[in-house]
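Residue numbers begin at 1 in each chain, while the letters A, B, ... track the order of the sequences.
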Number of protein chains: 2
Amino acid sequence: MTKKRVTIYHLAEELGMSVSYVSRALNNHPLVNQKIKDRVKKRATELNYKPNANAANLRQGSSRTIGVVVPQINYSFFSDVISGIEEVCSQNNHTLIICQSHDSYKQECLAVETLIHNNVDCVFISVAAETQSATHLEEIKKHDIELIQFDRCVDQLDGYKVLNDNESASFEVVEKLIEQGYKRIAFIGGPVHLNVFRDRKEGYLRAIKKHGLSIPYNFIIDNALSNQTVVEAATELLSLEEPPDAFFNVSDHQSLTILKIAKSMGIEVPQQLGIFGFANEIFSGMISPSLSSVDQKSKLMGNKTANFYFNHILNKREEFPSLSKEIIKTEIIVRESSKRNNS
Amino acid sequence: MTKKRVTIYHLAEELGMSVSYVSRALNNHPLVNQKIKDRVKKRATELNYKPNANAANLRQGSSRTIGVVVPQINYSFFSDVISGIEEVCSQNNHTLIICQSHDSYKQECLAVETLIHNNVDCVFISVAAETQSATHLEEIKKHDIELIQFDRCVDQLDGYKVLNDNESASFEVVEKLIEQGYKRIAFIGGPVHLNVFRDRKEGYLRAIKKHGLSIPYNFIIDNALSNQTVVEAATELLSLEEPPDAFFNVSDHQSLTILKIAKSMGIEVPQQLGIFGFANEIFSGMISPSLSSVDQKSKLMGNKTANFYFNHILNKREEFPSLSKEIIKTEIIVRESSKRNNS
DNA sequence: ATAATTATTGAAATCGATTTCAAAGAATAA
DNA sequence: TTATTCTTTGAAATCGATTTCAATAATTAT
């Protein structure tokens, strides 16, 4: 009962011409008369003809497909980026295949395998927290597939990268905290083998150095993405005789956790404790006190990553000079959690 | 400089056997000796052979690919559903192609076209707010592609559907409001041509009827998904001489807007005004007062939708009786915004 | 030893498009 | 009229896998 799909052969027979001619007519080939094109296309829609992309891709080598690998689709940052990527890809008639690594190196490798099998033209990747090697990414290149890393990149591999200005944004954030009179600023970071967290830490350190603040070594906590780690670290720090008077965090989730701990310990935010985070999550502006944060322009990052491919790689257009890195300016959003009323 | 991809032909030549044999060896065909399988596979990885899915799909008719269409990838509900879908699909060695309709019927049709071109085996769709016709979905079936609708479905089309218990959840919510002594309960809904919003409205109406409450006609607002509509409607209602004493909303964003309006008008939540929403957005539990809401188990919905395909459609397995609808039980989460202190 | 059966192996067709190459037809120039 | 150019058209090869069908080799039964 399964009707066979209408192919270009049926069309050709119906129209009494050869398949090659029909193919050219459908693809707007200049060697075909306009009238014929119209006739073929009309009949094609009538017969409900849909080209088989597999066949075309097999023949052409290109698949007009982009593979995306992210740690989690449903983290707001990544879903925004993907939304931005999708927008541009669909404008350019490209399809998206999406995989998540769940922050596992192994699953990331599997995802990369899948994308190679599917013959994608390019891979956009933001690597898993676990990822410390680039062999799987080199694999991609070996297969003549283009590669663009965005946000979380591996250092071992050069090539196209789309990034935020993590270092300078962090520097500015810490200066803003200092302006407000905070002096004992702690840093809650992520795994330092990932560029984004390392850069944020470096920005923090640069500001601290510039202003000659003396910070106890244990005010700097790396690898604190999990909630539990934050709870433990912050509780310990805030219980010190001389506790920090501010926290700069690499995520808003960390900020939120710290805010809760502060509340439970009766510490007033922002008077006694300033909090500044990263990512500008949807809840950051909603809760009370509202959380200061760095907006990463995530959707724009998606747009730019995709455009990077279409402008710089696919059609190396003259108006776009070739480059390998694109830095996206973040926006620093000062809210209640870092603004003392002494102004 | 572009090295040609290693194909099964290279492999066959290297190994001194025919391509058919190599193919069977790689695919664990029972007719091939285990030793040969091992040898072929070993050499395949050595030579860095990656099968071309396009070629296989073309030949086999099936693509092991699922297409997903949602209004917006970065709405938390949909990104959670997609995450759940992805999980199950990757377990079953299927690839995901994802499209967004941006709530436009036209873009939804384009997305469907794309998926047909790409020869997907099945489409999972949650339709755009604009969608009122099913012709594009019938198109999918005409091409012998399976179709599962989830959450937002069109009524005109029967077939597989995965849904929340919108009606009964709404009924319960309204009863919970009534228990708390709220009597003049307004309803802020969505476009009624979409099942989910209609069902929520019906649940609301059933509870109202059961308890014999008299509600002025203008307390029931349909098609209020946009922020502006909510602002206008809520402001008007709350300015009445006899304003509503509670709102049941089809989304938490609506709840949030109403909460803000109430605050700005000096109306106390939940004492003077109860608020209950839908979707249990990430911020709902974080703000103050925290917002009561219905958790839709979105990731589970993704899992179930995908499993529906693998269990009921792809391999009609005996342990799963054939059915066409799956209802997922929501969880009703009562928070501060609907709990009067009179308990 | 021969027939019957089973296990291995491979040649060639196939999926549905694109594209090369060449032929045929039409238009123009000599 | 013939030679030349340009346009229109189609046969067949191609992409890289899978699969059918048949042939050969190895094993077992008679």
Side-chain angles (χ1 to χ4, degrees), chain A residues 2-41 44 47-65 93 116-121 143-145, chain B residues 2-41 44 47-65 93 95 116-121 143-144:
Chain A
T2 44
K3 277 171 298 178
K4 257 172 285 168
R5 212 175 153 136
V6 181
T7 72
I8 204 168
Y9 290 87
H10 300 114
L11 256 185
E13 198 173 5
E14 271 273 336
L15 290 157
M17 37 185 158
S18 75
V19 285
S20 41
Y21 210 46
V22 172
S23 167
R24 275 182 291 230
L26 290 172
N27 290 294
N28 272 319
H29 197 282
L31 289 186
V32 178
N33 194 297
Q34 187 58 48
K35 274 173 250 155
I36 296 195
K37 284 183 191 168
D38 293 341
R39 193 152 65 88
V40 171
K41 285 181 185 171
L47 291 179
N48 201 19
Y49 165 78
K50 295 269 157 38
N52 182 327
N54 282 137
N57 297 344
L58 175 58
R59 177 62 230 248
Q60 295 183 311
S62 147
S63 58
R64 297 185 148 268
T65 297
N93 285 316
I116 296 178
H117 290 180
N118 276 81
N119 215 20
V120 298
D121 292 346
H143 283 269
D144 270 317
I145 295 172
Chain B
T2 44
K3 275 171 298 177
K4 258 171 287 167
R5 218 176 148 135
V6 181
T7 73
I8 204 169
Y9 290 88
H10 299 116
L11 257 185
E13 198 174 4
E14 270 274 334
L15 290 157
M17 38 186 157
S18 75
V19 286
S20 42
Y21 209 47
V22 172
S23 167
R24 276 182 290 229
L26 291 172
N27 290 295
N28 272 320
H29 197 282
L31 289 186
V32 177
N33 194 297
Q34 187 58 48
K35 275 172 247 156
I36 295 197
K37 283 183 191 168
D38 293 341
R39 193 152 65 89
V40 171
K41 285 182 185 170
L47 291 179
N48 200 18
Y49 165 77
K50 295 269 156 40
N52 182 326
N54 283 134
N57 297 344
L58 175 59
R59 178 62 229 254
Q60 295 183 312
S62 145
S63 60
R64 296 185 149 270
T65 298
N93 283 317
T95 311
I116 296 177
H117 290 181
N118 275 81
N119 213 23
V120 298
D121 292 345
H143 284 269
D144 269 318

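The NZ atom of B:Lys50 sits 16 Å away from the C1' atom of D:dA17 (whole-angstrom rounding). Atom-to-atom, CG of A:Asn118 to C1' of D:dA17 comes out at 14 Å; the value is rounded to the nearest Å. Distance, B:Ile8 CD1 to D:dT18 C1': 8 Å, rounded to whole Å. The CG atom of A:Asn54 sits 13 Å away from the P atom of D:dA17 (whole-angstrom rounding). Look at CG on B:Leu26: it is 16 Å from P on D:dG16, rounded to the nearest Å. When the P atom of D:dT19 is taken as reference, atom NE2 of B:His29 falls 8 Å away, rounded to whole Å. Straight-line distance from the CZ atom of A:Arg59 to the C1' atom of C:dT18: 5 Å, rounded to whole Å. Atom CG in A:Asn52 sits roughly 6 Å away from atom C1' in C:dG16 (whole-Å rounding).
Considering only the side chain of B:Ser20, C:dG10 comes nearest among D:dG16, C:dT19, C:dG10. Considering only side-chain atoms of A:Tyr49, the nucleotide from C:dA17, D:dT19, C:dG16 that sits closest is C:dA17. With C:dG16, D:dA12, D:dA17 as the choices, the nucleotide that has an atom nearest any side-chain atom of A:Tyr9 turns out to be C:dG16. Listed nucleotides: C:dA17, D:dA17, C:dT19. Nearest to the side chain of A:Gln60: C:dT19.
Here the side chains of B:Thr95 and A:His117 are not in contact, with every heavy-atom distance at 4.5 Å or above. Counting heavy atoms from C-beta outward, B:Thr65 and B:Asn118 have side chains that stay 4.5 Å or more apart.
Counting only residues at least two apart or on different chains, no salt bridge (charged side-chain N to carboxylate O under 4.0 Å, His left out) pair has a member in residues 17-36 of chain B. Pairs of residues two or more places apart, or lying in two chains, that qualify as salt bridge (charged side-chain N to carboxylate O under 4.0 Å, His left out) and include a residue from residues 49-65 of chain B are A:Glu113-B:Lys50, A:Glu139-B:Lys50.
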Below 3.5 Å is the cut-off: list the nitrogen or oxygen pairs between protein and nucleotides 23-28 of chain C, distance only.
none

Review item, nucleotides 5-9 of chain D N/O atoms under 3.5 Å of protein N/O:
residue: D:dT9; atom: OP2; partner: A:Tyr21; partner atom: OH; Å: 2.1

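Atom-to-atom distance recorded for A:Leu58:CG and B:Leu58:CG is 6.0 Å, nearest 0.5 angstrom. In this structure, A:Ile145 CD1 and A:Asp121 CG are separated by 8.0 Å, a value rounded to the nearest 0.5 Å.
Shown here are the salt bridge (charged side-chain N to carboxylate O under 4.0 Å, His left out) partners of A:Glu13, two or more places apart in sequence or in another chain: there are none. Take B:Lys41 and apply the side chain to side chain contact (heavy atoms under 4.5 Å, CB included) test, not counting sequence neighbours, and it matches B:Leu26, B:Asn28. Annotation: side-chain hydrogen bond (donor to acceptor under 3.5 Å, both in side chains) contacts of A:Asp38 (sequence neighbours excluded): A:Gln34. A:Asn119 is linked by a side chain to side chain contact (heavy atoms under 4.5 Å, CB included) to B:Arg5, B:Asn52, B:Asn54, counting only residues two or more places apart in sequence or in another chain. Take A:Thr7 and apply the side-chain hydrogen bond (donor to acceptor under 3.5 Å, both in side chains) test, not counting sequence neighbours, and it matches A:His10.
In this structure, B:Asn27 reaches the sugar-phosphate backbone alone: every heavy-atom distance under 4.0 Å involves primed, P, OP1 or OP2 atoms, never a base.
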Would you give me the side-chain donor-acceptor pairs under 3.5 Å for residues 14-21 of chain A, sequence neighbours excluded?
residue: A:Glu14; atom: OE1; partner: A:Arg43; partner atom: NE; Å: 3.1
residue: A:Glu14; atom: OE1; partner: A:Arg43; partner atom: NH2; Å: 2.9
residue: A:Ser18; atom: OG; partner: A:Ser20; partner atom: OG; Å: 3.0
residue: A:Ser18; atom: OG; partner: A:Tyr21; partner atom: N; Å: 3.3

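Look at B:Ser23 and you'll find a side-chain N or O under 4.0 angstrom from OP1 or OP2 of D:dT18. Between A:Asn57 and D:dC15, a side-chain N or O to OP1/OP2 separation shorter than 4.0 Å is absent.
With the end axes of the helix from C:dA1-D:dT30 to C:dA30-D:dT1 each set by five pairs, the angle from one to the other reads 50° at 10° resolution.
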